[in-house]
Amino acid sequence: MRKISLLIIALILAVSLAACGSNGNNGNSNSGTATNDGSSENSNSGSANADSGKEVVIKFPSYKTGNNVGAIFFLPQIERFNTKYAGKYKIEIEEIVQDEYSKKIKLLYQQKKLPPLIEVDKELAEIMIDNGDLLDLKPYIDKTPEIKNVLIDESVTYNTDKNGKYVSLPLAFVRPIGMYYNKELLQKAGITELSTTWDGFFSDLDKLKAAGVTPLSLMTGENAWTTMLLATAMLASEQEGQDILTKGDIVTNFDSPLWTNTFTKVQKLLQEYTTKSALGATYSIAANEFFSENTAIIANGPWMVGDFSNPDKAGEGFAAKVGATIYPGGVALGSSDGYWYSIPKDTPQEQVDGLIEYFKFIYSPEELNAFLVAEGGFAPKLPMPDADKAKLDPILRQLNDEVGAKMKTLNRAIYNVVPQSVSDLFAKNLPLLATNDMTPEQFCKAMTETAEKFKK
Amino acid sequence: MYKYNKLWVYLFIVPTLIVFLTFYFVPILTVFTTGFTEWNGFNAPKFVGFDNYKMIFTDDNSITVSLMNLLKWSLIATFIHVPFGALVAFIIFKQPFGWRFVRGVFMIPNVIAVSAWAIIYRFIFNDQMGLLNNFIRKIGFSDFHTNWFFDSQYAFSAISLTWVFYAVIVTLLVLSDLMAIPKELHEAAKIDGATEAQIHWRINFPLIRGSLGTSVILSVIARITMFEAIFLTTKGGPGNSTYNISVMLYDGIINYEFGYANAVATIMIILGIGVLAITTKVFKMNKSVYN
């Protein structure tokens with residue numbers, strides 16, 4: 001009896017394991033061939049579509065949808081593309097929130113089910129480049145002068161891998177990140193223009209404080225964005241820091257006077273010049289302090305400008321009180337380096353052709369200028385016509401003028417040169433820096449330890 | 001006839017066995033084996049022996065901090081959370097006025113997702129607009145300012161407060177055991193002149209030790225796997241004040257170190273088994289209470 005029982009149990013185990021195994025295999029082969037099948041299906045349908053002159057549908061997820069500030073320009077642009085290429089290509093957007101986008105792309109890559117157009121972060125891009133999973137855009141771009149002629153050389157270099165392939169669409173524009181200030185609050189402190197030196201800037205902060213105005217909107221929650229921008233600007237004001245940011249290599253050692261001095265200043269900002277809410281504040285809290293005129297200055301990119309006149313976020317007439325400038329020392333943040341749109345290797349040819357047309361469309365003079373008018377920035381190889389300049393929001397125009405008149409260096413942000421683990425730790429440890437529970441030296445040491453831990 | 005019955009028994013076990021193997025055994029095995037590999041989740045795992053464990057135990061103090069925080073939270077779970085849930089059960093058992101209402105209200109937090117609670121608590125403990133600080137300021141401390149989740153002095157306590165008094169599972173387990181105690185036992189004790197305290201101490205407590213043990217196991221294991229309440233509020237900070245082993249696992253994942261993350265997961269499983277074994281022994285859960 002015991003033998004029979006054991007036999008039955010063994011049989012059940014074998015059957016279920018076999019079932020699991022076969023499921024796994026099927027799963028794998030399905031996911032493997034799902035892409036292939038899908039690809040071939042898509043490809044076939046694409047070919048059939050192309051042959052029969054039917055519309056090729058290109059569907060991909062994007063975070064520039066819904067409430068995302070990027071949706072205001074992006075979705076109508078997609079509509080304009082679809083209208084222009086009606087009957088030939090049609091882009092369909094799958095809505096996804098920004099925080100989930102990278103995770104979704106990572107998951108789809110693991111499942112080998114990537115959509116035809118993706119945006120990848122640096123870490124995933126490096127894995128995909130090593131695996132040769134991104135389509136080389138160079139042959140297409142070389143054949144398309146409309147794209148090639150507007151690309152920024154540094155961006156082309158950045159997006160070229162060791163084999164000379166273009167792994168993502170290089171940028172044709174730069175959007176400098178600066179600071180926005182409340183002119184009325186500055187006036188209250190007797191300041192007409194923010195100083196162009198760091199010593200002067202700190203003196204301006206003191207004047208604001210003396211006038212009863214909280215100078216800065218800082219945050220330590222989420223990714224501590226506004227605080228990180230000021231830290232980057234201070235780092236970029238030193239030659240050594242500028243070299244680190246320009247080089248763009250991932251930094252894993254922060255035990256140096258450069259970093260310690262930077263975070264000593266950040267500590268001062270957190271302790272003396274910001275709101276009590278900064279401790280643990282998310283971006284929305286920091287921004288709200290500025291919109292509510294509780295603070296005089298906030299660091300952020302040009303994409304924020306639209307919010308100044310958004311009645312859901314700021315009071316009526318608030319935008320008229322806002323001025324824009326870059327950081328002391330002639331520092332602006334932003335870079336043409338970075339990966340943007342990539343096409344996975346096995347994307348059907350018809351979809352690739354459609355996407356190249358899309359790239360051509362977004363880099364056409366009309367579209368590129370419309371984008372810069374809407375979201376700020378400049379395209380070095382495509383000067384903006386006066387008619388478009390006239391359409392610029394006054395704050396964006398001021399920012400552009402400040403960039404033109406004062407900018408000495410345009411730098412990457414700290415988050416572009418540190419591992420993800422350090423970015424996370426930065427926000428996690430800032431409260432300790434603010435409450436004096438951690439010295440700048442300890443702050444830097446902790447970043448070094450974390451960076452070393454996951455160093456490949 | 002006996003053989004025929006046994007066959008049916010096995011047939012009834014098959015679906016459970018398949019579900020167990022597919023959804024528990026195979027994933028656990030995968031976690032255990034890939035804990036010995038270097039794996040970024042995209043390429044094939046590469047066997048690296050005990051490197052991940054070496055990294056966990058020697059690279060920095062993450063594991064020490066995580067285990068210390070786990071120990072503190074486990075003690076809070078065992079000596080505050082479980083006793084509080086049991087106390088509520090004892091009160092409800094006496095069926096005082098409004099006991100049904102209390103039982104219902106006590107149940108509410110359990111039907112709300114932990115992630116939603118975490119966000120609610122973020123607002124409760126917020127310095128500017130938080131319920132707690134506004135209350136403190138209203139009662140006379142107008143200059144009071146503390147950002148509970150982001151002050152290293154208070155963050156651990158703030159996280160603990162997000163779960164410590166939500167003990168309805170403990171209450172239900174203990175209550176069901178209390179209700180299962182034969183009334184004759186209590187009546188006999190009263191006839192013998194036992195006081196209320198003596199009845200609790202000599203009869204009730206020994207007879208509910210199984211549910212108390214189960215409650216301790218569930219509560220401590222919930223501390224090992226506690227993630228949302230931490231991640232959505234402090235992310236383990238400030239510094240390492242609220243860091244735990246689940247956040248450590250997450251750190252491995254976001255850094256594309258799936259082998260490391262699975263080694264951490266293996267440690268979590270081992271800790272869970274340890275909790276199970278110790279609690280079973282302490283509460284003599286493998287012995288019948290009525291023997």
Side-chain angles (χ1 to χ4, degrees), chain A residues 1 4-5 8-9 11-13 15-17 19-21 23-24 102-103 106-107 109-110 123-124 126-128 130-131 133 220-222 275-282 285 289 419-421 423-425 427-435 437-438 442-443 446 449-450 452-456, chain B residues 2-3 6-7 9-11 13-15 17-23 25-26 38 40-43 55-56 59-62 122 125-130 133 145-153 155 233-243 247 250-258 260:
Chain A
M1 185 59 217
I4 293 171
S5 308
I8 291 172
I9 291 172
L11 192 69
I12 292 166
L13 275 170
V15 167
S16 31
L17 279 175
C20 294
N23 277 341
S102 293
K103 289 173 204 155
K106 214 182 283 181
L107 198 70
Y109 180 46
Q110 283 170 330
E123 281 168 314
L124 182 60
E126 280 170 6
I127 293 168
M128 292 187 78
D130 283 348
N131 292 343
D133 285 334
T220 69
E222 289 169 350
T275 53
K276 288 196 168 74
S277 67
L279 212 65
T282 55
I285 292 174
E289 295 284 14
Q420 178 67 45
S421 53
S423 305
D424 289 345
L425 190 80
K428 220 167 73 174
N429 280 352
L430 275 178
L432 296 181
L433 205 60
T435 53
D437 288 317
M438 194 177 239
Q442 289 168 328
F443 188 85
E449 280 175 2
T450 301
E452 291 288 338
K453 185 174 174 180
F454 293 111
K455 197 174 169 183
K456 302 284 188 301
Chain B
Y2 177 70
K3 278 182 189 173
K6 273 226 159 173
L7 188 66
V9 169
Y10 287 126
L11 277 174
I13 288 172
V14 170
L17 205 61
I18 291 173
V19 168
F20 174 76
L21 288 169
T22 314
F23 295 106
F25 184 71
V26 173
E38 190 190 315
N40 62 13
F42 306 109
N43 301 335
M55 190 171 159
I56 290 168
D59 263 26
D60 60 12
N61 65 348
S62 298
R122 234 168 56 184
F125 287 131
N126 184 281
D127 181 30
Q128 300 288 97
M129 52 189 166
N133 283 8
H145 282 285
T146 292
N147 209 329
W148 302 92
F149 281 130
F150 297 95
D151 190 322
S152 57
Q153 227 180 319
T233 52
T234 63
K235 293 194 176 177
N240 275 336
S241 319
T242 57
Y243 199 70
V247 181
Y250 173 82
D251 280 348
I253 293 169
I254 59 151
N255 285 289
Y256 300 93
E257 291 282 358
F258 284 56
Y260 170 90

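Scope of the values below: all heavy atoms of this structure, side chains included, with no hydrogens, waters or symmetry mates. Per chain, numbering begins at 1; letters A, B, ... match sequence-line order.
For the set B/S241, B/G252, B/G239, the entry with the most heavy-atom pairs within less than 4.5 Å of chain A is B/G239. Most heavy-atom pairs under 4.5 Å with chain B, from the set A/T220, A/L279, A/D133: that is A/L279. Options A/K276, A/E449, A/E452, A/M438 differ in how many heavy-atom pairs under 4.5 Å they form with chain B, and the most are formed by A/K276.
No option in A/D437, A/T435, A/L430, A/N429 other than A/L430 meets the side-chain contact (heavy atoms from CB on, under 4.5 Å) test with A/L433.
Geometrically, A/K106 engages B/Y256 in a cation-pi contact, judged by NZ or CZ lying under 6.0 Å from the ring centre and within 45° of the ring axis.
Relative orientation of the B/F149 and B/F125 rings is perpendicular, given thresholds of 30° and 60° on the angle between their planes.
At a cut-off of 3.5 Å, with distance as the only test, no side-chain donor of A/D424 or B/Y250 sits close to an acceptor on the other residue. No side-chain donor from either of B/Y243 and B/N61 sits under 3.5 Å from a side-chain acceptor of the other.
For A/L124, the parts lying near chain B are the backbone and the side chain together; criterion is any non-hydrogen pair under 4.5 Å. Contacts between B/T233 and chain A at a heavy-atom distance below 4.5 Å are absent for every atom of the residue. Residue A/I127 touches chain B through its side chain alone, counting heavy-atom pairs closer than 4.5 Å.
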